[in-house]
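Residue numbers start from 1 in every chain, and the chains themselves are labelled A, B, ... in the order their sequence lines are given, proteins ahead of strands.
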Protein chains: 2
Amino acid sequence: MSSSTGPRRPTMEDVAEVAGVSRGTVSRVLNGGHYVSPDALTAVQRAIRKTGYVVNQHARSLVTQRSDSIAFILSDPQDRLFEDPNFAILLKGCTQALAERDITLLLTVAGTQEDRKRVGRWVTAGHVDGVLLVSEHAGSPLINELRARGLPIVAAGRPIGHERDISYVAADDRDGARQLVEHLRSRGRRRIAIITGPIDTPGGVDRLAGYQDVLGEPDPRLVANGDYTQDSGARAMEELLQRAPDLDAVFVCSDLMALGAVAVLQRAGKRIPEDVAVGGFDDSKAAVSATPQLTTIRQDFARVSVEMVRLLQDSITSGGRSAVILPTELVVRDST
Amino acid sequence: MSSSTGPRRPTMEDVAEVAGVSRGTVSRVLNGGHYVSPDALTAVQRAIRKTGYVVNQHARSLVTQRSDSIAFILSDPQDRLFEDPNFAILLKGCTQALAERDITLLLTVAGTQEDRKRVGRWVTAGHVDGVLLVSEHAGSPLINELRARGLPIVAAGRPIGHERDISYVAADDRDGARQLVEHLRSRGRRRIAIITGPIDTPGGVDRLAGYQDVLGEPDPRLVANGDYTQDSGARAMEELLQRAPDLDAVFVCSDLMALGAVAVLQRAGKRIPEDVAVGGFDDSKAAVSATPQLTTIRQDFARVSVEMVRLLQDSITSGGRSAVILPTELVVRDST
DNA sequence: CTGAAAGCGCTTACAG
DNA sequence: CTGAAAGCGCTTACAG
C-alpha cells in the first residue's frame, strides 16, 4: 500500500474487465468459486494472473467485518519474551495452529502502560478478530478494554479476576506445586522454602497455594518472591539463606529462577541435593542443562497453544467461553 | 470486530447525530481538529466519549490507502529469534522508534517457505505500509514479491543481490572482521582459523571477506561453517581441531558460536588465550558472560533499529532508497 | 450461473 | 467553519 512508486494497483474492476465478466463473478471466484461456470472460472483466474491482482484487505474487511488476523499480545517488558523459553514454545505453537487455518498471527509487545494503550486502540480499531493474551498481570486495564468491545479473548494462564469473563488455558499450577512439595517431603525434607513468581500472576499465586496445601501456613522466613528471571531467583535464594540457614529444600517456581538459586547455593558451599534439595517448575531446557539436572514439573506448552487457538476459534464463531486446565506432571531428576 | 456478543459498534454517523453535527465535522475532529469551531469540537469529543466510538480502521484505510502499521518480518526458523539476543535488541529498538510515531509494529515470523507465502499475501493485501526485513537469506522470493508490489522495505543487514533495489542498514561487517583478524595477528598469531556464519547471509560472506582481506586466500583446513547457533560453533570447532590441530587462533563470526567453540577448546585441553586465541563478533551478553570474557566486535544494534525506522519512513513518504553502513568497533577482552 | 446495485464506514475536495 | 456528496474496493442478497 502507499509508496509513491509504481502504478495504481489493480482492482477487481480491472480483473473483471480483462476476464470479460462482472465484479460479482470475480468476487465469487475469489471466495471459493461457487456458482461460477468453468469458463468464467478460468477466464477470471487468467485475468488475475495477468493483472497481478491481490485483494484489498481493507475493502474486504469493511464489508465482511472480519480481518482473518489474530493478535498475540505479550503484556510484559519485552526482555522476558526472550529470556523465557516458554514464550517461544507458545508463540510457535500458536503460529502453527493458526497457519493451518490460513490466519496470520501478529505478535505485539505491550510492555509499558503507554504501549498497552496504543495496542488497545489498535486492536479495537478492527485489525484483528481475536486476541491471545499472554502474561497479562492482574489489574491490567487491557482486558477490560478488550471486553468492552466484545473482542474474543483467550488468555494463557488463569486471568486473575476474570476467570468467569474470558476463556483461558492453564496448566494445573496448584496441583503441580503440590506434587513437587509432596515429593520433597517424601524425600525426608522438613524445612522446605519456596521462591515464588510475581504475586500478581496465576503462576505466582497458585503455586504458592499448592505449597500451602501440603505444608499449611508457611514460616514467613521460608518464603521469598522472584519475577521468573534468573537474577531474581539468585537474589531470592540469598535472602532465604540469610533468613533460614537451616533450610533443607527449596521449591523454585520456575526452572530459570532455579538456575539462579542453584548458583547461589553452590557458591554458599551447599551440596545439591545432599544439603539442599531443589525443585523447579516448567521442565524447560534449563532444567536439563543445569548441574545437577533439575527435578521439576512439566507443563505441556505445545498443547496449551493448540487449545488456545481452538478456544479462540470457538469464541469468534460462537461466542463461547470456557476454561481448559491441563494436567502437570512431576519429573524427577538429580536435584532432589 | 466480529464476535456474536454485544450490540452493533457505533459509527461516525452515531457520533455525528449525538453531537448534532455532520459526519464531515466528526472526521475533522478525529484528524487533528483543524477547521472546527470550539463548540463543535467539544460537542464531538463529548459524543465520542458517550458513544464509545472507535474508528474503523478498515474504512479509514480504504480511503487513505494507509494502515499506520509496519511489519517486522523475521525470515528465519523461529527458534533463532529467541536464541539470538541481537534480534531482541533490534525488535525492541524498532518498536520504540515506531511507537513514538504512534505506529504499531507487528512481528511476523516466516520460517518456512509456506509461511513466507502466507506472509507475502498478507503483506501485499494492504495490512501494512512498509516492511522491516530481518534475516532474509539470499535468493528468498519474499523480497521480489514485496518489490513487485512497490512496498517500502528496509532490510537489516546487506540484502545480498538487492543492494541497489532496497534500503538497508548494516554494520560494517567486513571492516569489523578485518579489525579482529588484524588484532589476532598483532598478538603474534599465525595459524588463524575462522568459523563463518551461513554463506547465504551478509554476515557470513562479508566477515569471511574481511578475514581474507587480511590473510589472503585461506588454507581451506582453517575454514569451517556455522549457522550462528551455539551448537554449530561447537561442531565447527571440533572440525577445525581435527583438520588443523596446530591452529593458534580462531575468529568466530558470532559470540554465541564462540561460546560453543570455547567449550570445545577447553574440553580439548587448550588454554585460552595461551594456546588458542578466540575472537567473537557482536559484543553480546554472551561475550561478557563467557570465561574468559571474549574479545569481539561491537555492533550498535540500537542504532541500527533507529536508522531502519528512519529509512522506512523516508521510503514510505518519498520513495527514497538508501543504505546506511554503521561502523564497528574492536573490544579487547581476555580471550586474545 | 450471472449482473446490477446496495452498502460496509470512512475521508476529502467542493461549495457555501 | 460546515454540510452534502463522491468515492475508496470490496461482498452479497436479489432478480433473472
K.L.:
Under the rule for side-chain hydrogen bond (donor to acceptor under 3.5 Å, both in side chains), what residues qualify as partners of B/T51, not counting sequence neighbours?
P.N.:
none
K.L.:
Could you pull out all residues at least two apart from B/R46 that satisfy salt bridge (charged side-chain N to carboxylate O under 4.0 Å, His left out)?
P.N.:
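Scan of B/R46 (salt bridge (charged side-chain N to carboxylate O under 4.0 Å, His left out), adjacent residues dropped) gives none.
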K.L.:
Counting a pair only when it is Watson-Crick or G-U and both distances are under 3.5 Å, which runs of at least 3 such pairs involve DNA chain D?
P.N.:
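DNA chain D stems, ordered by first number: C:1-3 with D:14-16, C:5-12 with D:5-12, C:14-16 with D:1-3.
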K.L.:
The criterion is side-chain hydrogen bond (donor to acceptor under 3.5 Å, both in side chains); which residues satisfy it with A/E17, sequence neighbours excluded?
P.N.:
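Testing A/E17 for side-chain hydrogen bond (donor to acceptor under 3.5 Å, both in side chains), a comparison that skips the adjacent residues, returns none.
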K.L.:
Going by the rule side-chain hydrogen bond (donor to acceptor under 3.5 Å, both in side chains), which residues pair with A/R60 if we only count those two or more places apart in sequence or in a different chain?
P.N.:
none
K.L.:
Can you list every pair that meets salt bridge (charged side-chain N to carboxylate O under 4.0 Å, His left out) and has a residue in residues 100-109 of chain A, with sequence neighbours left out?
P.N.:
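For residues 100-109 of chain A: A/D102-B/R121.
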K.L.:
What pairs meet the salt bridge (charged side-chain N to carboxylate O under 4.0 Å, His left out) rule with one or both residues in residues 22-32 of chain B, with sequence neighbours excluded?
P.N.:
B/E13-B/R23
K.L.:
When every nucleotide of nucleotides 8-16 of chain D is labelled 5' to 3' by its protein contacts under 4.0 Å (heavy atoms), B for base, S for sugar-phosphate only, - for none, what sequence of letters results?
P.N.:
BBBBBB---
K.L.:
I'd like to check B/S167 versus B/L312 (side-chain heavy atoms, cut-off strictly below 4.5 Å). Are they in contact?
P.N.:
no
K.L.:
Output all residues satisfying side-chain hydrogen bond (donor to acceptor under 3.5 Å, both in side chains) with B/R147, sequence neighbours left out; order by chain, then residue number.
P.N.:
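With sequence neighbours excluded, B/R147 shows a side-chain hydrogen bond (donor to acceptor under 3.5 Å, both in side chains) to B/D165, given in chain and number order.
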K.L.:
State whether A/S37 places a side-chain N or O below 4.0 Å from either non-bridging phosphate oxygen (OP1 or OP2) of C/dC1.
P.N.:
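No, outside the criterion.
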